[in-house]
Amino acid sequence: MSRVLVPCHVKSTVALQVGDVRTSQGRPGVLVIDVTFPGVAPFELQEITFKNYYTAFLSIRVRQQSSMLTPGKWVTCLRDYCLMPDPHSEEGAQEYISLFKHQMLCDMARVLELRLILRQPSPLWVSFTLEELQIYQQGPKSPAVNFPKWLSHPVPSEQPAPLHEGLPDPSRVSSEVQQMWALTEMIRASHTSTRIGRFDVDGCYDLNLLSYT
């Protein structure tokens, strides 16, 4: 399915303090990132992609247009999605993530604004955020292509003639070859190995016989 990148404006992160803000032990464990779409009509969100940077859990709220007279209401569409299996280890800390509309808890149509809520409960990491954030909506459907009738229903190709057509009967050829082989064996058996000379007698030549030639 095709997708189209939606132009957006990612606002600066807002930190929510965890712990005593008057001591050094307090640190921001929650960040909020608002994403707006200036100049873009309400759209149906298809996919969200980003690169994680040490965020352990992600929640997303969406503001949707309900009518032309109301500003829209906020709805939670993703709650505490785990990006790091263990917040205290680096597994998944810098992975590329794709979230699709079928993973959301609500319908993602008529989107006006997004709010990303990032949580990192571990004190081991100095900072955390999301990078390379991109929002996609479904692209236009490809127009149907009408093929010619002759191309949609091709004529079956002619079957080639059998390879054995026009050749002699194999059984008859085999029988004739066998008969020829038997005749050859009979001739070979009756052939004498004694050399018959025209003028030689017991391997010697008679001078009187040779003188008449």
Side-chain angles (χ1 to χ4, degrees), residues 1-140:
M1 181 178 296
S2 62
R3 61 178 188 173
V4 176
L5 182 65
V6 181
C8 63
H9 174 66
V10 181
K11 296 183 178 181
S12 301
T13 58
V14 177
L16 303 182
Q17 195 75 21
V18 175
D20 190 355
V21 298
R22 295 171 297 179
T23 65
S24 60
Q25 299 298 325
R27 57 175 299 276
V30 180
L31 297 178
V32 176
I33 302 177
D34 284 337
V35 183
T36 60
F37 307 94
V40 178
F43 65 95
E44 181 176 0
L45 188 145
Q46 180 73 24
E47 182 182 357
I48 301 174
T49 64
F50 57 86
K51 181 183 179 182
N52 186 28
Y53 187 80
Y54 293 93
T55 297
F57 302 97
L58 172 65
S59 297
I60 301 178
R61 290 176 60 82
V62 57
R63 187 169 68 89
Q64 297 173 299
Q65 184 185 51
S66 55
S67 68
M68 299 299 297
L69 302 178
T70 59
K73 59 180 181 178
W74 287 94
V75 180
T76 299
C77 59
L78 190 70
R79 190 186 306 274
D80 292 334
Y81 185 83
C82 183
L83 301 178
M84 297 175 61
D86 181 7
H88 304 289
S89 66
E90 292 199 5
E91 182 181 357
Q94 299 186 57
E95 295 289 336
Y96 283 92
I97 306 295
S98 292
L99 298 174
F100 300 90
K101 68 176 184 178
H102 68 266
Q103 298 175 265
M104 303 301 175
L105 302 175
C106 64
D107 184 23
M108 299 302 294
R110 306 180 309 279
V111 172
L112 297 173
E113 189 175 354
L114 291 177
R115 176 166 294 166
L116 311 180
I117 304 172
L118 291 56
R119 291 200 302 115
Q120 176 52 271
S122 175
L124 297 178
W125 319 116
V126 177
S127 61
F128 61 97
T129 187
L130 299 182
E131 301 175 341
E132 303 177 27
L133 180 65
Q134 293 183 323
I135 312 297
Y136 294 92
Q137 64 177 333
Q138 182 176 344

Inset, instruction - For residues Phe37 and Phe43, establish whether the separation of their ring centroids is below 6.0 Å. - result: yes

Inset, instruction - Please name the pair of heavy atoms, one in Arg115 and one in Asp34, separated by the smallest distance, quoted to 0.1 Å. - result: NE-OD1, 2.7 Å

Legend entry - Test item: Leu114 and Ile135 side chains (from C-beta on) under 4.5 Å apart, heavy atoms: yes

Legend entry - Check: Gln94 and Lys51 side chains under 4.5 Å, non-hydrogen atoms: yes

Legend entry - Close side-chain approach of Pro87 and Gln120, heavy atoms under 4.5 Å: yes

Inset, instruction - State whether the number of non-hydrogen atoms from other residues, nucleotides or ligands found under 6.0 Å of Glu91 atom CD is greater than 12. - result: no

Inset, instruction - Identify the heavy atoms of Cys77 and Met108 that sit nearest to each other, and give their distance. - result: CB-SD, 3.8 Å

Legend entry - Between CG on residue Leu116 and CG on residue Leu31, distance to nearest 0.5 Å: 11.0 Å

Inset, instruction - Please round to the nearest 0.5 Å and tell me the distance separating atom CG of Leu58 and atom SG of Cys82. - result: 10.5 Å

Inset, instruction - Could you tell me which non-hydrogen atom of Pro123 sits nearest to which non-hydrogen atom of His88, and how far apart they are? - result: CD-CE1, 4.2 Å

Legend entry - Residue pair Phe128, Leu83: steps toward the side-chain contact (heavy atoms from CB on, under 4.5 Å) verdict: CA-CA 12 Å; Phe128 61 97; Leu83 301 178; over 6 Å; no

Legend entry - Over all atoms of both residues, closest heavy-atom pair of Pro42 and Gln65: CG-OE1, 3.4 Å

Legend entry - Under the side chain to side chain donor-acceptor pair (under 3.5 Å) test, residues paired with Glu44 that sit two or more places apart: Lys101

Legend entry - Side-chain touch Leu130/Leu118, heavy atoms, less than 4.5 angstrom: yes

Under 3.5 Å, which donor-acceptor pairs link side chains of residues 4-14 to any protein atom two or more places apart or in another chain?
none

Inset, instruction - Over all heavy atoms of both residues, which pair between Val35 and Glu113 is shortest? Give the atoms and the distance, please. - result: O-CG, 3.2 Å

Inset, instruction - Give the C-alpha distance, both sets of side-chain angles, the deciding distance and a yes or no for side-chain contact (heavy atoms from CB on, under 4.5 Å) between Thr129 and Ile33. - result: CA-CA 9 Å; Thr129 187; Ile33 302 177; 4.1 Å; yes

Inset, instruction - Apply the test side-chain contact (heavy atoms from CB on, under 4.5 Å) to residues Ser59 and Leu78: give CA-CA distance (whole Å), side-chain angles for both, the deciding distance (0.1 Å), then the verdict. - result: CA-CA 5 Å; Ser59 297; Leu78 190 70; 5.8 Å; no

Legend entry - side-chain contact (heavy atoms from CB on, under 4.5 Å) evaluation trace for Val62 with Leu45: CA-CA 10 Å; Val62 57; Leu45 188 145; over 6 Å; no

Legend entry - With Thr49 via side chain to side chain contact (heavy atoms under 4.5 Å, CB included) - residues at least two apart: Arg3, Glu47, Ser98, Gln134, Tyr136

Legend entry - Leu99 side chain near Tyr81 side chain, heavy-atom distance below 4.5 Å: yes

Legend entry - Distance in Å, Glu132 CD paired with Tyr53 OH, rounded so as to fall on 0.5 Å steps: 13.0 Å

Legend entry - Ser127 versus Tyr54, closest heavy-atom pair with distance: O-CB, 3.8 Å

Legend entry - Ile117 and Arg61, any side-chain heavy atoms less than 4.5 Å apart: yes

Legend entry - Thr55 side chain to Asn52 backbone, donor-acceptor under 3.5 Å: no

Inset, instruction - Kindly indicate whether the side chain of Arg79, heavy atoms from C-beta on, has any atom under 4.5 Å from the side chain of Phe57. - result: no

Inset, instruction - Drop me the distance from Arg119's CZ to Leu16's CG, to the nearest 0.5 angstrom. - result: 11.5 Å

Legend entry - Heavy-atom check, side chain of Ile97 versus side chain of Glu95, under 4.5 Å: yes

